[in-house]
Asks: 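Dumping the structure here so I can ask a few things about it.
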Amino acid sequence: MERLTTLYIDKESHKFSAAHFTIFSATERERLHGHNYSVSAKIVAPMGDNGFAADYNVYKRRLKSLCDALDEYLLLAADSPFQSIEEDGDYYRVYFASEEMLFLKSDTRVLPLRNATVEEFSSYLLQQLLLLSANDDLREIELCVASGPGQRGCASWRKP
């Protein structure tokens with residue numbers, strides 16, 4: 001019988017600071033603001049003959065690299081039904097309701113999300129972690145993104 005082990009990774013270094021705005025409807029959105037996000041993961045893997053299931057260091061490095069890729073950027077949702085984003089030289093032009101916003105490309109990450117929320121960030125980061133872990137023998141991953149104490153969104157994957 002296979003013996004599974006659950007690893008919890010919740011390190012201080014797994015964080016990113018980013019600006020965003022959440023869109024509530026076709027006419028309502030938050031003002032542009034920022035958060036210090038933290039990322040944690042729960043990984044379920046089979047116990048190996050060597051007494052461990054997975055190398056913590058591998059997953060800590062992967063989570064850190066995913067956080068670093070978002071750190072100190074404005075995060076925009078490319079797939080929002082309520083806004084459109086156009087490239088204009090060194091800028092992104094973002095249209096929402098009657099507003100037109102201009103952001104430097106070098107300061108911005110346009111992500112395949114429907115909204116810039118912790119729920120969407122957790123799903124996005126989970127998919128990125130799965131790509132990095134494609135050759136690993138994992139059974140389940142839960143990845144959480146918190147925007148502050150007591151407020152987080154999590155996405156889960158289970159091997160079919």
Side-chain angles (χ1 to χ4, degrees), residues 6-44 54 56-134 136 138 140-158:
T6 302
L7 306 174
Y8 294 92
I9 301 173
D10 189 9
K11 303 293 286 181
E12 179 66 28
S13 61
H14 298 149
K15 63 184 182 199
F16 62 96
S17 297
H20 83 117
F21 55 87
T22 299
I23 298 172
F24 300 111
S25 70
T27 59
E28 186 181 4
R29 70 169 180 89
E30 292 178 313
R31 290 176 53 129
L32 181 65
H33 66 285
H35 292 280
N36 294 316
Y37 295 96
S38 60
V39 177
S40 60
K42 177 180 93 170
I43 299 170
V44 178
Y56 272 103
N57 291 321
V58 168
Y59 295 99
K60 289 189 299 188
R61 280 192 302 271
R62 288 176 185 169
L63 289 171
K64 174 105 174 65
S65 72
L66 293 173
C67 291
D68 289 349
L70 301 179
D71 193 35
E72 297 185 355
Y73 286 99
L74 165 64
L75 306 179
L76 292 175
D79 300 334
S80 171
F82 302 121
Q83 77 178 0
S84 62
I85 301 170
E86 296 177 359
E87 293 188 33
D88 185 0
D90 292 335
Y91 297 92
Y92 289 114
R93 285 190 185 278
V94 179
Y95 299 94
F96 172 80
S98 62
E99 301 172 331
E100 179 180 335
M101 299 167 273
L102 200 60
F103 301 112
L104 277 169
K105 285 182 178 178
S106 60
D107 290 339
T108 306
R109 293 284 184 253
V110 178
L111 303 175
L113 314 173
R114 291 182 53 81
N115 212 337
T117 61
V118 291
E119 300 94 327
E120 286 284 90
F121 295 150
S122 65
S123 180
Y124 169 76
L125 289 172
L126 173 63
Q127 293 308 312
Q128 297 304 302
L129 183 59
L130 286 169
L131 289 173
L132 293 172
S133 307
D136 299 350
L138 303 177
E140 185 179 335
I141 300 174
E142 179 180 66
L143 190 141
C144 299
V145 175
S147 60
Q151 184 170 310
R152 67 181 176 176
C154 302
S156 299
W157 166 86
R158 181 171 288 155

Asks: Salt bridge or not between E100 and R93? Use side-chain N to carboxylate O under 4.0 Å.
Replies: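 Salt bridge between E100 and R93, a charged N being under 4.0 Å from a carboxylate O: yes.
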
Asks: Rounded at 0.5 Å granularity, tell me how far CG in D71 sits from CG in L66.
Replies: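 Answer for the CG-CG pair, D71 versus L66, is 12.5 Å.
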
Asks: How close do C154 and S122 get, counting heavy atoms only, and between which atoms?
Replies: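 Minimum heavy-atom separation between C154 and S122: C-OG, 3.5 Å.
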
Asks: I'd like to check K105 versus D90 (side-chain heavy atoms, cut-off strictly below 4.5 Å). Are they in contact?
Replies: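 No, too far: nothing below the 4.5 Å cut-off.
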
Asks: Step through the shown structure and confirm whether more than 12 heavy atoms of other residues, nucleotides or ligands are within 6.0 Å of CZ on F96.
Replies: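 Yes - once you tally the heavy atoms of other residues, nucleotides and ligands closer than 6.0 Å, there are more than 12.
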
Asks: Would the distance check show the side chain of R62 and the main-chain N or O of L129 forming a donor-acceptor pair, the cut-off being under 3.5 Å?
Replies: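 Judged by distance alone, no pair lies under 3.5 Å.
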
Asks: Work out which heavy atom in V39 is nearest to a heavy atom in C67; give both atom names and the distance.
Replies: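 Minimum heavy-atom separation between V39 and C67: CG2-SG, 3.6 Å.
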
Asks: Is the ring centre of Y92 less than 6.0 Å from the ring centre of F103?
Replies: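 No - the distance between ring centres of Y92 and F103 does not fall below the 6.0 Å cut-off.
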
Asks: So do the side chains of V145 and S38 get within less than 4.5 Å of each other, counting heavy atoms only?
Replies: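 Side-chain contact under 4.5 Å: no.
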
Asks: If I take atom CZ from residue R158 and atom CD from residue E142, how far apart are they, to the nearest 0.5 angstrom?
Replies: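 It is 10.0 Å, given to the nearest 0.5 Å.
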
Asks: Nearest 0.5 Å please: distance from the CZ atom of F82 over to the CD1 atom of I23.
Replies: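 Answer for the CZ-CD1 pair, F82 versus I23, is 8.0 Å.
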
Asks: Considering only heavy atoms from C-beta outward, does the side chain of L104 approach that of Y91 to under 4.5 Å?
Replies: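 Touching, per the 4.5 Å side-chain cut-off.
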
Asks: Work out which heavy atom in L7 is nearest to a heavy atom in A54; give both atom names and the distance.
Replies: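 It is CD1-CB, 3.6 Å.
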
Asks: For residues A18 and L70, report the shortest heavy-atom separation together with the two atoms involved.
Replies: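 In terms of heavy atoms, the two residues are closest at CB-O, 4.1 Å.
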
Asks: Is any side-chain heavy atom of D136 closer than 4.5 Å to a side-chain heavy atom of I43?
Replies: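 No - every pair of side-chain heavy atoms lies 4.5 Å or more apart.
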
Asks: Might you point out which heavy atoms bring R152 and C144 nearest each other, and give the distance in Å?
Replies: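 Minimum heavy-atom contact is CD-CB, 4.1 Å.
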
Asks: Mind listing the closest non-hydrogen atom pair of L32 and A19 along with its distance?
Replies: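 Looks like CD1-CB, 4.1 Å.
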
Asks: First locate atom OH of Y95, then atom CE of M101, and finally report the distance between them rounded to the nearest 0.5 Å.
Replies: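 Nearest 0.5 Å value for the OH-CE distance: 10.5 Å.
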
Asks: Enter the distance from L63:CG to S13:OG here, rounded to the nearest 0.5 Å.
Replies: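 Result: 9.0 Å between the selected atoms.
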
Asks: Counting neighbours of NZ on K60 that are heavy atoms of other residues, nucleotides or ligands and sit closer than 6.0 Å, is the number greater than 12?
Replies: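 More than 12 within 6.0 Å, yes.
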
Asks: Is there a side-chain contact between I141 and Y59, using heavy atoms and a 4.5 Å cut-off?
Replies: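 No, every pair of side-chain atoms sits at 4.5 Å or beyond.
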
Asks: Can you name the residues that form a side-chain contact (heavy atoms from CB on, under 4.5 Å) with E30, not counting sequence neighbours?
Replies: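 Result, side-chain contact (heavy atoms from CB on, under 4.5 Å) vs E30: H20, F21, T22, F24, H33.
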
Asks: Checking the side chain of D107 only, and the main-chain atoms of Y73 only, is there a donor and an acceptor separated by less than 3.5 Å?
Replies: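 Absent.
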
Asks: Is there a donor-acceptor pair closer than 3.5 Å between any side-chain N or O of Q83 and the backbone N or O of V94?
Replies: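 Such a contact is absent between Q83 side chain and V94 backbone.
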
Asks: Checking side chain to side chain contact (heavy atoms under 4.5 Å, CB included) for the pair L75/F121: CA distance, chi angles, key distance, verdict?
Replies: CA-CA 10 Å; L75 306 179; F121 295 150; 3.7 Å; yes

Asks: Does D88, at its CG atom, have more than 12 non-hydrogen atoms belonging to other residues, nucleotides or ligands within less than 6.0 Å?
Replies: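 Yes, the 6.0 Å shell around CG holds more than 12 heavy atoms from other groups.
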
Asks: Quick check for you: to the nearest 0.5 Å, what is the distance between R109 atom CZ and L74 atom CG?
Replies: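 One finds 11.0 Å between CZ of R109 and CG of L74.
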
Asks: If you define the side chain from C-beta out and look only at heavy atoms, does anything of H14 sit under 4.5 Å from S40?
Replies: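 A side-chain contact is absent here, since even the closest heavy-atom pair is not under 4.5 Å.
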
